[in-house]
Amino acid sequence: MPQTAPSRISDPISLYTSTFSPEFDLILACCNDDSGGPGSARIQQILGHGVDWERLLQLAQHHGLVPLVYRCLSTAVGVAQSASLEGLRQQDKQNAHQTLWLTVELLSLYRHLAARGLEVLPYKGPVLAEILYGNVTLRQFSDLDLLVRAHDLPRIKAALADLGYAPGLRLTQAAERAYLKSGYEYTFDGARGRNLLEIKWRILPQFYAIGFDVDDFFQRAVAVAVQGQRFRTLCDRDLMLVLCVHAAKHAWKQLSWLCDIAQLARSRSLDWAALRIQAAGLGIERIVAVSFLVAYKLLGAAVPAQLDVERDAKTESLAQRIVQLIVAEEELDPESVAYFRLMMELRERGKDRASFCWRLLVTPGSGEWSAVRLPGALFPLYRVVRVGRLAGRLISPHSGRG
């Protein structure tokens, strides 16, 4: 168990129930429920004052917490209120069907690729649900994520085509070569819908300037059993860093990501000193610290003392800003100036901020390739197109959006 946060960090604002709507406060209480402790008493208090059940369902869906909220409240509400849970019950049932189907699909994909000598690391979806909660239906997810080695991509795409999967992004040969260097994933559509599968050769696009080594992930991978099938997946320390970075990339907009981080910290014996050293080497100590501070403020989750979050004076103010964004349900446009500014502030090293700016400025992507069609000989000019599009966003009257 991680040690609790140092006393100088401001108290969890989840204790100040007047700050939030009853529905948001109830979701926080469910996330922090300790089956009979203060969390349960808080749930009963909120229910006693009344909640908007439709709004509660919307929030639970938005934050990816339908299974957790339904199971918590199904044991907390009385007979008189049980009908109020019908919306949550139906959504939980749909989630269970979806997650079980995706789990079966993962088993099929994993065996199909393994039979062709292709090694992949599933690291979210059913595998993460099993690691954290011991049941694939207790976590909300809608796709599968497989980490691969970049040089295996052509064979993996061919193997997936055998199963009816087609990439959602179709590129020219020149664009595909560039995308493999700067991008990080292909999404695949299947018979059951679009974007069902994400094949990643990096955790993030290159312009984020976070140098995870995928080969190291494979070397440190550990085994986990899901529905009787053994998979190799990220070790606990790599998983924690990846979860923090993924949440940061999306400005922590979903509470489920904070719950995952808190649950991993609670349930596994992590070497926090080694994790901090690894985070420092990647230049993401601030991202990890902000993740734990936000989880502390909203969920009451413990902050490992070994992370020494008070050492960086900016983490507290950043955490406060993130909490405000989450409470307001304000989603930053990932192509907006506000988003770029936040990503810059989350990096503690000047060289990483400089790399982020430079790569963001000169790295073209699918937006540039679809906006202008250039012949292969002129492909390097897409960098100019990229600069022009970014400049247009800055001078546009709608530059706040993008």
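Although no hydrogens or angles enter the test, the distance criterion places a donor-acceptor pair under 3.5 Å between the side chain of Gln140 and the main chain of Val66. For Arg347 (side chain) and Gly283 (main-chain N/O), a donor-acceptor pair under 3.5 Å exists by modelled atom type. For Ser182 (side chain) and Thr363 (main-chain N/O), no donor-acceptor pair under 3.5 Å exists by modelled atom type. In this structure, Asp189 contributes its side chain and Asn195 its backbone to a donor-acceptor pair below 3.5 Å. In terms of modelled atom types and a separation under 3.5 Å, the side chain of Arg202 and the main chain of Leu180 share a donor-acceptor contact.
The salt bridge (charged side-chain N to carboxylate O under 4.0 Å, His left out) test applied to Asp312 returns Arg286, not counting sequence neighbours. The salt bridge (charged side-chain N to carboxylate O under 4.0 Å, His left out) search around Arg192 returns none, not counting sequence neighbours. Evaluation of the salt bridge (charged side-chain N to carboxylate O under 4.0 Å, His left out) rule for Glu23 yields no partner, not counting sequence neighbours.
Counted within 6.0 Å of CD on Glu119, heavy atoms from surrounding residues, nucleotides or ligands total more than 12; the atom is thus considered enclosed.
Here Asp271 does not pair with Arg237 in a salt bridge; the nearest charged N to carboxylate O distance is not below 4.0 Å. Between Lys314 and Glu345 no salt bridge is recorded (no basic side-chain N to carboxylate O distance below 4.0 Å). Look at Arg321 and Glu316 and you find no salt bridge, because none of the NZ, NE, NH1 or NH2 atoms lies under 4.0 Å from a carboxylate O. Ion pairing between a basic and an acidic side chain is recognised when a charged N comes within 4.0 Å of a carboxylate O; Glu176 and Lys157 show such pairing.
A perpendicular orientation is assigned to the rings of Tyr110 and Phe231, their planes being inclined by more than 60° (bins at 30° and 60°). Ring geometry, Tyr186 versus Trp201: the interplanar angle falls from 30° to 60°, so the pair is classed tilted.
Using a 4.5 Å cut-off on side-chain heavy atoms (C-beta onward), Gln45 and His49 make contact. Contact annotation: the side chain of Pro122 never approaches that of Asp145 to less than 4.5 Å [non-hydrogen atoms, C-beta and beyond]. Between Thr315 and Glu310 there is no side-chain heavy-atom pair separated by less than 4.5 Å. By the 4.5 Å heavy-atom criterion applied to side chains, Trp53 and Leu57 are not counted as neighbours.
Taking both residues in full, the closest heavy atoms of Leu258 and Ser291 are given as CD2-O, 3.7 Å, listed atom of the first, atom of the second, then distance. For the residue pair Glu331 and Lys253, the shortest heavy atom distance occurs at OE1-NZ, 3.3 Å. What you find for Ala301 and Ala262 is that their closest heavy atoms are CB-CB, 3.8 Å. Taking every heavy atom of both residues into account, Ala248 and Leu346 meet most closely at CB-CD1, 4.3 Å. The two residues Trp257 and His250 make their nearest non-hydrogen contact at CZ3-CB, 3.4 Å.
Atom CG of Leu26 sits about 5.0 Å away from atom CG of Leu73, to the nearest 0.5 Å.
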Mind listing the side-chain donor-acceptor pairs of residues 123-139 below 3.5 Å, one per line with the distance, residues two or more places apart or on another chain?
{"from": "Lys124", "atom 1": "NZ", "to": "His246", "atom 2": "NE2", "distance (Å)": "3.3"}
{"from": "Tyr133", "atom 1": "OH", "to": "Asp260", "atom 2": "OD1", "distance (Å)": "3.0"}
{"from": "Asn135", "atom 1": "OD1", "to": "Thr137", "atom 2": "N", "distance (Å)": "2.9"}
{"from": "Asn135", "atom 1": "OD1", "to": "Thr137", "atom 2": "OG1", "distance (Å)": "2.8"}
{"from": "Arg139", "atom 1": "NE", "to": "Asp260", "atom 2": "OD1", "distance (Å)": "3.4"}
{"from": "Arg139", "atom 1": "NE", "to": "Asp260", "atom 2": "OD2", "distance (Å)": "2.9"}
{"from": "Arg139", "atom 1": "NH2", "to": "Asp260", "atom 2": "OD2", "distance (Å)": "2.9"}

N/O donor-acceptor pairs under 3.5 Å from side chains in residues 322-330, not counting sequence neighbours:
{"from": "Glu329", "atom 1": "OE2", "to": "Arg55", "atom 2": "NH2", "distance (Å)": "2.2"}

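Listed by first then second residue, pairs satisfying side-chain hydrogen bond (donor to acceptor under 3.5 Å, both in side chains) with a partner in residues 204-213 read Tyr208-Tyr339, not counting sequence neighbours.
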